[in-house]
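Naming: A, B, ... by sequence-line order, numbering from 1 per chain.
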Number of protein chains: 2
Amino acid sequence: MNTKNKRPLSGCPIDYALSVFGDRWSLLIIRDLAIKGVKTYAELLDGWEGISTNILAQRMRHLEGHGIVERRKNPDNWRSSLYELTPKGRDLAPLLSEIILWGGTYNEADAPKSEAFNIVQSDRGGFERELRQTDNTTD
Amino acid sequence: MNTKNKRPLSGCPIDYALSVFGDRWSLLIIRDLAIKGVKTYAELLDGWEGISTNILAQRMRHLEGHGIVERRKNPDNWRSSLYELTPKGRDLAPLLSEIILWGGTYNEADAPKSEAFNIVQSDRGGFERELRQTDNTTD
DNA sequence: CCTATCGACTTGCGTTATGCAAGTTGATGG
DNA sequence: CCATCAACTTGCATAACGCAAGTCGATAGG
């Protein structure tokens with residue numbers, strides 16, 4: 001994940017992209033923020049996959065440093081921060097679609113296709129448009 | 001990267017996809033195979049990014065185990081193996097396009113946009129069609 | 001006041017992954 | 001019969017990750 005950027009990047013866009021989110025967790029965090037719109041640290045913590053808190057903290061710092069997420073104070077709760085995707089982060093929507101389509105096609109573990117797969121397959125444009133909106137807290 | 005699949009997968013297609021190629025190297029290997037069509041171990045080794053041989057070996061085993069790449073003997077050289085993408089691997093073409101577009105848009109390190117970015121941007125369909133062909137050794 | 005609590009972390013420590021260098025294997029060319 | 005080449009494996013050091021527990025500061029309850 002190149003937090004310390006040990007290896008110089010090659011200049012290839014893929015190499016750059018992987019230096020930003022090429023690890024086991026970043027895209028899952030981005031997925032959660034894309035779908036939910038805005039989340040607190042605690043909400044991100046208890047996603048299905050169960051990221052541990054130290055990893056989440058450093059991943060959020062990394063993503064914030066790369067301009068993928070933004071942190072701000074929660075006006076309703078003094079002690080809570082809110083995280084949300086920046087435009088740069090929201091521009092990952094088509095990438096998320098493709099991953100969902102590919103993963104949904106080839107993952108045999110869950111016989112019944114995931115909801116995400118069905119949504120993206122039936123209305124990819126709508127899915128991406130929704131993800132691009134800042135206030136898609138349909139929850 | 002979940003080689004040992006320590007954590008059970010969530011069923012989310014993204015989680016599955018990341019269990020297959022969610023690390024710093026897999027997509028770079030897949031990129032090289034997609035663009036070059038077929039490569040030997042040695043050719044993969046001296047890509048621009050400089051993967052180390054032990055990592056390459058275990059990544060190829062992992063990708064082969066997940067049905068992304070196939071290994072076969074080189075008919076021209078008894079001691080060399082040839083690696084190429086399976087259909088499942090070639091189906092990652094649209095994902096590669098999206099990564100290239102995103103990475104090319106936001107990577108400020110290389111001011112002159114990478115060739116890959118220009119190609120995908122001007123003719124994404126052609127790019128993906130080419131990647132999907134088995135014998136695209138235009139080299 | 002005094003203590004418990006909640007949200008967002010940090011710290012410690014053990015395990016896994018990655019990076020670097022060197023060694024292995026086995027057919028062939030010289 | 002020795003060096004070479006392609007595709008690895010092995011050893012060892014560092015970085016990343018996973019789990020459990022601790023910190024900190026404002027507030028709500030007693």
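Proximity of I29(B) to R59(B): side-chain heavy atoms (C-beta onward) are separated by under 4.5 Å at one or more points. When side chains are defined from C-beta on, V20(A) does not count as touching S26(A), because their heavy atoms never get closer than 4.5 Å. Considering only heavy atoms from C-beta on, P94(B) comes within 4.5 Å of R124(B) through its side chain. For the pair L28(A)/D32(A), no side-chain contact is recorded, criterion being any heavy-atom separation below 4.5 Å from C-beta on. When side chains are defined from C-beta on, L18(B) does not count as touching W25(A), because their heavy atoms never get closer than 4.5 Å. At a threshold of 4.5 Å between non-hydrogen side-chain atoms, the residues L33(A) and L44(A) count as touching.
Within the structure, a side-chain polar atom (N or O) of W25(A) is placed less than 4.0 Å from OP1 or OP2 of dG18(D). Side-chain N/O atoms of R24(B) include none lying less than 4.0 angstrom from OP1 or OP2 on dC17(D). One finds a side-chain N or O of R71(B) lying less than 4.0 angstrom from the OP1 or OP2 phosphate oxygen of dC8(D). Taking 4.0 angstrom as the limit, R59(B) places none of its side-chain polar atoms (N or O) nearer than this to OP1 or OP2 of dC8(D). Phosphate contact (OP1/OP2 of dT18(C), side-chain N/O of Q58(B), threshold under 4.0 Å): present. A close approach under 4.0 Å does occur between a side-chain nitrogen or oxygen of R61(A) and OP1 or OP2 of dT10(C).
Note: Y83(A) OH to L63(A) CG = 10.5 Å, rounded to the nearest 0.5 Å.
Atom CG in L56(B) sits roughly 12 Å away from atom P in dT18(C) (whole-Å rounding). Rounded to an integer number of Å, the gap from E64(B) CD to dC8(D) P is 9 Å. Between the NZ atom of K73(A) and the P atom of dA26(D) there is a distance of 11 Å, rounded to whole Å. Put simply, CZ on F21(A) is 19 Å from C1' on dA16(D), counting in whole angstrom units. Distance CG (L45(B)) to P (dC8(D)): 10 Å, rounded to an integer number of Å. In this structure, the CD1 atom of I51(B) is 14 Å from the P atom of dA7(D), given to the nearest Å. The CG-P distance, from L18(B) to dA17(C), rounds to 15 Å in whole Å. Summarising the geometry, the separation between NE2 on H62(A) and C1' on dA15(D) is reported as 14 Å, rounded to the nearest angstrom.
For Y83(B), the side-chain atoms get nearest to dC8(D) when compared with the rest of dC9(C), dG18(D), dC8(D). Checking dA21(C), dC9(C), dC17(D) against every side-chain atom of T53(B), the shortest atom distance belongs to dA21(C).
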Expected rows: protein N/O vs nucleotides 2-7 of chain C N/O, under 3.5 Å:
{"residue": "dC6(C)", "atom": "O4'", "partner": "R79(A)", "partner atom": "NH1", "Å": "3.1"}
{"residue": "dC6(C)", "atom": "O2", "partner": "R79(A)", "partner atom": "NH1", "Å": "2.5"}
{"residue": "dG7(C)", "atom": "O3'", "partner": "R79(A)", "partner atom": "O", "Å": "3.4"}

Output one line per pair: protein atom, nucleotide atom from nucleotides 12-15 of chain C, and distance, for all N/O pairs under 3.5 Å.
{"residue": "dG12(C)", "atom": "O6", "partner": "N54(A)", "partner atom": "ND2", "Å": "3.4"}

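Ring centroid separation for the pair W102(A) and F21(B) comes in under the 6.0 Å cut-off.
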**Derivation and outcome, side chain to side chain donor-acceptor pair (under 3.5 Å), residues T86(B) and E70(B)** = CA-CA 6 Å; T86(B) 61; E70(B) 254 173 16; over 6 Å; no

**Request:** Evaluate the criterion salt bridge (charged side-chain N to carboxylate O under 4.0 Å, His left out) for residue pair D46(A) and K39(A); output intermediate values, then yes/no.
**Result:** CA-CA 11 Å; D46(A) 59 304; K39(A) 283 205 171 214; over 6 Å; no

